[in-house]
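Note that the coordinates shown come from a computational prediction; the quantities given were computed from them, not determined experimentally. In the text below, chain A, chain B and the rest are named by the order of the sequence lines, each starting its count at 1.
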There are 2 protein chains.
Amino acid sequence: MQPGYDPHAFTPFAVTVDLAVFTVRSGVLHTLLIRRGQEPYAGDWALPGGFVLPRESAETAARRELAEETGLAPDLVAALHLEQLRTYSEPDRDPRMRVVSVAFTALVPDLPEPHGGGDAADARWLPAGEPGPPVPLAFDHERILADARERVGAKLEYTCLATAFCPPEFTLGELRQVYETVWGAELDPANFRRKVLATPGFVEAVPGAARLTGGRGKPAALYRPGPAGTLAPPLLRPRPEGTAR
Amino acid sequence: MQPGYDPHAFTPFAVTVDLAVFTVRSGVLHTLLIRRGQEPYAGDWALPGGFVLPRESAETAARRELAEETGLAPDLVAALHLEQLRTYSEPDRDPRMRVVSVAFTALVPDLPEPHGGGDAADARWLPAGEPGPPVPLAFDHERILADARERVGAKLEYTCLATAFCPPEFTLGELRQVYETVWGAELDPANFRRKVLATPGFVEAVPGAARLTGGRGKPAALYRPGPAGTLAPPLLRPRPEGTAR
DNA sequence: CCCTTTATAGTCAGAGTGACTATTAAGGGA
DNA sequence: TCCCTTAATAGTCACTCTGACTATAAAGGG
């Protein structure tokens, strides 16, 4: 404790939000990134986000920034499932000043191309490859993105969130591809089907003899997300090895 | 967007940390609470915590505040496993000003009684009963505490964290009581033992014919925490019912 | 010297899962 | 038009894990 230390003084911080929004496009996990229009890191790619305004909660700010910077449809942004990831507060993470950032994760189905707005000179879906995205990111956003990817992978194990990556009606093959893409592992189609259908409330069949084809092969039945939120028992990803089971 | 809106303005926020520190005392989950010495809520009970200083990360601040306000041994506080819970940022959660708070969770073995210090007029372990603690808490700390309790219960399922509630050497009965206390459910001693011992790296037997008694009954073998961090497959808590499995 | 209590061992049946094989229903070419 | 390839779907089998129990061992308290 320094001399003259006042236990009730407080440092003013800027508070921002950052969003790691994921989608699956043709078998590859993509993240929504923007190109920064302002310093610092002007011209670099970054997660969408920005300052929290005086009367906003972090989540409200996250939705506002997402809509402003990417031009995604407002009703879609309002309905989005946002989950708080964690808060990043290292003292030097922003060169301008003391900034703490509350990071969020969201999962969306394959959407139309976004377009830049607000502080964003551009907005685009870029692959969120295993080592990282194909471009360096501003601030500590690569770290945030890596944390978010890990969280999403873990959540697929014990929640029904995978359906958030799918359109309103989807085949079990599409759902399986979500798991395979996020986990980077192949799953046995028959076993996957058995597991999903055996979990009450995970998906429900679209009643009509509705079926559809993604190309060739036997047409698949269509399903909708069911009311269940959690998967008990979980659908564990194949462990690399060495780890128990 | 308002007229005159400046997208680069930012509101100054105060950033605080709050800690939900849990322990198990004689079969009851307890939380470390302090009695506030300052307004607002002076005299009320609250989670330990306080303002983040200019050059601190949230986690550093959490450790400092915990040591200051509760007098827990510094080396213990330094070694503590702190996990970020989430950040609370509702605009009116603090009547003084705009404050966002980063909440942390920690698990400790049964420790000596703490003593107030810093802003805390008093510090004490109080039961964190199911509906909530026996006293009303300041700010939104009851909400934070409830979130933390839920998180701890969930983490016991798929991590080896339960040993953090135990002294350096413990019996499987003590470890089982941790689960029973946090989950509020009874577990079969034999099945629990089988599961724990079958998970490589969860616990390791203390080699010497060391054994100990908590009172009556056959003496139990002693174990130490093992190197494993996660439990795969998980040790699922008994589901209330209705839920699958 | 019994009785109660807790630890520990062992059994059994059923659920859940990984690895496979077989069948069905399209689409694409030759 | 007739194979071939592809993907969905059905069904098997062995093995693991778990919940429910029974049995035995080793204290401490009357």
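The CZ atom of B/F192 sits 12 Å away from the P atom of D/dT18 (whole-angstrom rounding). The separation between A/L172 atom CG and D/dA10 atom P is 10 Å, rounded to whole Å. A straight line from CZ of B/R237 to C1' of D/dG19 spans 18 Å, rounded to a whole angstrom. A straight line from CZ of B/R194 to P of D/dG19 spans 8 Å, rounded to a whole angstrom. The distance between atom CG of A/L187 and atom P of C/dC20, rounded to the nearest whole Å, is 15 Å. Between B/F202 atom CZ and D/dC17 atom C1' the separation is 16 Å, expressed in whole Å.
Here B/K218 does not reach the OP1 or OP2 of C/dT8: none of its side-chain N or O atoms lies under 4.0 Å away. Look at A/R193 and you'll find a side-chain N or O under 4.0 angstrom from OP1 or OP2 of D/dA10. Contact annotation: A/R176 reaches the phosphate of D/dA8 (side-chain N/O to OP1 or OP2, under 4.0 Å). For D/dA27, the OP1/OP2 oxygens have no side-chain nitrogen or oxygen of B/R216 closer than 4.0 Å.
Paired with A/W125 under the rule side-chain contact (heavy atoms from CB on, under 4.5 Å), one option of A/D110, A/V21, A/T31 passes, and it is A/V21.
The side chain of B/P233 lies closest to D/dC17, out of D/dG19, C/dT8, D/dC17. Distances from the side chain of B/A190 to the nucleotides C/dA9, D/dT9, C/dT17 place C/dA9 closest.
With the nearest nucleotide of DNA chain C identified for both B/D188 and B/G173, B/G173 has the one nearer the 5' end.
Atom CD of A/E113 is separated from atom NE2 of A/H115 by 10.5 Å, given to the nearest 0.5 angstrom. Atom CG of B/L33 is separated from atom CG of B/L145 by 7.0 Å, given to the nearest 0.5 angstrom. Remark: B/L66 CG to B/F104 CZ distance equals 11.5 Å, nearest 0.5 Å.
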